[in-house]
There are 2 protein chains.
Amino acid sequence: MSDSVKAISIKAIGIKDVAREAGVSVATVSRVLSNGPVSDALRARVEDAVRATGYRPNLSARRLRSQHSQTIGLIVSDIRNPFFTAVSRAVEDAAFQAGMRVILCNTDENPEREAMYLRLMQEERVTGLIFAPTRATLAQLDRADLDFPVVLIDRSAPAGRFDSVVLDNPQAAALLVDHLHAQGYRRIAGLFGNTSTTAVERHAGYQAALAAHGLHAEARFVPPTAEAAEAEIARWLAEARRSGAMPDAVMVSNSLLLMGVVKATRTLGLAIPGDLAVAGFDNEPWTELVGPGLTVIEQPVHEIGRAAMTLLFERLDDPERATRKVVLSGTCVARGSTGGVSG
Amino acid sequence: MSDSVKAISIKAIGIKDVAREAGVSVATVSRVLSNGPVSDALRARVEDAVRATGYRPNLSARRLRSQHSQTIGLIVSDIRNPFFTAVSRAVEDAAFQAGMRVILCNTDENPEREAMYLRLMQEERVTGLIFAPTRATLAQLDRADLDFPVVLIDRSAPAGRFDSVVLDNPQAAALLVDHLHAQGYRRIAGLFGNTSTTAVERHAGYQAALAAHGLHAEARFVPPTAEAAEAEIARWLAEARRSGAMPDAVMVSNSLLLMGVVKATRTLGLAIPGDLAVAGFDNEPWTELVGPGLTVIEQPVHEIGRAAMTLLFERLDDPERATRKVVLSGTCVARGSTGGVSG
DNA sequence: GCTGTTATTGAAAACGATTACATCAGGCTC
DNA sequence: GAGCCTGATGTAATCGTTTTCAATAACAGC
């Protein structure tokens with residue numbers, strides 16, 4: 001290799017290049033960068049040198065030496081689920097404010113990917129983790145030994161080795177049932193997802209609320225996709241029509257199912273709410289625009305993300321404190337899709 | 001500090017603990033971990049030791065020494081925009097397959113945040129970056145000197161210092177105009193976002209297509225939010241009604257604007273498509289469910305994400321190759337919202 | 001003028017891995 | 001059997017920072 005070639009080879013500039021440029025030691029440069037005690041004169045010289053050289057610190061080196069990653073992990077099932085999309089924004093905003101970075105992982109409800117990403121979190125030495133585990137992983141999580149605090153979201157822990165923040169699912173489902181009942185509906189069908197603990201809790205609330213009104217519960221469970229919901233509802237209504245026991249309303253446990261149900265009413269030519277009232281979860285922007293507007297439970301999505309971060313920071317402050325479970329309640333956004341039996 | 005306290009303090013186990021446990025040198029452990037040349041006997045001993053100690057490599061140290069981060073950056077305006085949500089999944093899947101991690105950043109179309117995240121990417125020493133810049137940043141990007149390859153998505157570069165993958169926006173907009181024209185609409189208004197180059201290109205296609213049909217173009221530009229679109233459309237239609245020049249159709253340049261327009265028709269009591277035909281971009285699941293179904297351009301979102309990663313990997317393979325611009329075309333999904341002047 | 005204290009600064013160790021280089025054993029060729 | 005290669009292993013340098021520790025200077029108190 002000739003010298004000219006060597007000269008051409010780009011060498012990333014490091015802290016010692018800045019130190020040389022400023023005529024100080026690397027320690028001083030480091031102190032300037034981290035607002036340590038440095039005289040004004042040297043500080044100015046160093047800042048000039050940083051600008052002149054275009055120096056950018058190497059985060060890997062910094063993390064290695066200082067032993068904190070300033071990184072928090074966020075593991076969700078699928079970022080395309082609007083609930084998690086919103087939560088991730090809240091988490092990222094909070095992290096940003098605290099000068100931290102976020103690593104986002106999608107598991108597709110696959111326990112193997114969950115395990116792999118948990119390993120990754122260890123290797124990244126994350127400061128903390130916000131996690132929406134599947135039921136399977138949730139059960140094993142107690143045994144795992146992790147070197148960082150974990151806050152569970154959406155899916156809650158049974159006992160409580162971990163902090164968590166969840167919606168009051170039974171209450172929210174009851175809110176929906178009560179609203180339907182108040183509007184005059186008496187045969188209220190329920191369609192629930194079959195993978196998450198969330199759906200289980202919502203089903204429980206649905207059942208309890210119906211019982212309180214002296215009504216009969218008719219629930220079915222399907223994979224959490226619009227297609228599965230559409231097919232199941234079509235089948236269900238066909239059976240019901242034959243047996244002469246058509247429901248006059250249906251509530252579902254998440255927005256994908258809601259979409260499936262609306263689709264089904266279209267292909268079956270059913271009017272909402274005339275032939276069938278519809279209510280569901282997650283107040284996404286489009287629910288206002290569909291048919292007469294869809295009645296939904298609005299989750300405080302941003303609040304959930306923020307609460308998770310707050311819990312995480314408080315835990316970092318005091319690792320010994322008792323674990324807490326923050327339960328936020330949803331609100332019922334009544335729209336035309338549950339317009340009442342007369343209307 | 002007494003010895004007992006010292007013993008209690010948890011010390012993260014490192015590669016040398018594994019080496020001691022297995023009775024080998026740290027180099028051998030490292031080689032086992034990276035599939036280097038090691039005898040089967042020692043390999044087994046080391047693997048046992050790794051299991052026994054629960055060792056997890058420190059990625060910061062690994063990255064510092066080996067000088068590659070195995071990380072790619074993804075900077076978008078807002079992950080809640082379904083287009084970017086879908087792209088991010090595609091990017092993450094491709095990265096995962098290649099054994100790389102993704103750092104996701106939201107800029108909210110704010111150039112300051114873009115600049116800040118670009119700095120972060122440098123500090124993280126990312127292997128490459130996939131970036132959807134605002135117009136402002138795009139203009140300055142040529143001057144920035146970045147130590148990693150960049151692939152632009154959605155918003156394209158004018159000349160070509162960077163690889164990019166974009167939708168054929170003029171063609172897509174023309175597709176929409178042609179469809180509206182074929183359905184009998186002649187006064188076709190256009191509402192476009194005012195921050196991205198995407199909107200500029202779509203506007204150009206809209207105008208050209210109208211001109212080709214001998215029609216007059218009436219376009220307005222608004223901030224890319226549903227609220228802004230709703231307000232502007234309401235104002236616009238009120239003016240038009242006074243002047244007796246009501247458009248019979250309106251096309252918009254993205255899904256947020258589309259939502260705003262639909263909202264406006266509701267509050268104004270306009271029927272779709274009877275009083276006003278509506279067409280837009282992005283075939284999101286809910287567009288099928290709104291009113292008579294909304295006519296939209298479907299972008300190959302997953303393809304776009306994958307193509308961006310492919311471009312990035314090819315660039316890493318050969319830094320000297322000529323830059324390329326991958327242009328994918330959208331398809332027109334015709335629905336009831338453009339049902340025709342008679343129907 | 002001497003000592004003690006405090007504020008700046010620099011030299012060098014440390015963080016936890018990878019990797020260049022040296023070593024060594026064993027098998028091959030002639 | 002000498003010489004040479006090959007493949008496995010260990011030693012130590014290295015990556016780019018932060019941080020500890022010692023050194024120096026300035027200044028107050030006596």
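Letters A, B, ... are given to chains in the order of the sequence lines, protein chains preceding strands, and every chain is numbered from 1.
- In this structure, CD of A:Glu123 is placed 15 Å from P of C:dG16, rounded to the nearest angstrom.
- One can place CG of A:Leu64 at 17 Å from P of D:dT14, the figure rounded to the nearest angstrom.
- Stacking of B:Arg155 on the aromatic ring of B:Phe131 is not recorded, the 6.0 Å distance cut-off and the 45° axial limit not both being met.
- The distance between atom CG of A:Leu59 and atom P of D:dT17, rounded to the nearest whole Å, is 9 Å.
- Using a 4.5 Å cut-off on side-chain heavy atoms (C-beta onward), A:Asn106 and A:Phe84 make no contact.
- For A:Gln67 and C:dG16, the shortest distance from a side-chain N or O to OP1 or OP2 is below 4.0 Å.
- A straight line from NE2 of A:His68 to P of C:dC15 spans 15 Å, rounded to a whole angstrom.
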Contact state string [nucleotides 8-13 of chain D, B base, S sugar-phosphate only, - no protein heavy atom under 4.0 Å]:
SBBB-B

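- One interatomic measurement links the two molecules: CG of A:Leu33 to C1' of D:dT17, which rounds to 10 Å at whole-angstrom precision.
- Across the protein-nucleic acid pair, B:Arg56 atom CZ and C:dA17 atom C1' stand 15 Å apart, rounded to whole Å.
- Residue A:Asp17 contributes atom CG, which lies 9 Å from atom P of D:dT17 at whole-angstrom precision.
- Within the 4.5 Å cutoff, side-chain heavy atoms of B:Phe313 are placed close to those of B:Met100.
- Within the structure, a side-chain polar atom (N or O) of B:Tyr55 is placed less than 4.0 Å from OP1 or OP2 of C:dA17.
- Contact check on A:Glu124 versus A:Arg119 returns no salt bridge, with no Lys/Arg side-chain nitrogen under 4.0 Å from an Asp/Glu carboxylate oxygen.
- Judged by distance alone, with hydrogens and angles left aside, the side-chain atoms of B:Asn81 form a donor-acceptor pair with the main-chain N or O of B:Phe83 at under 3.5 Å.
- None of B:Leu74, B:Thr107, B:Ile103 except one satisfies the side chain to side chain contact (heavy atoms under 4.5 Å, CB included) rule with B:Tyr117; the exception is B:Thr107.
- Checked against D:dT19, D:dT17, C:dA17, the side chain of A:Arg62 finds its nearest nucleotide in D:dT17.
- Nucleotide C:dT18 holds its P atom 12 Å from the CD atom of B:Gln70, rounded to whole Å.
- Cation-pi check for A:Arg324 over A:Phe162 is not met; the charged atom does not lie both under 6.0 angstrom from the ring centroid and within 45 degrees of its normal.
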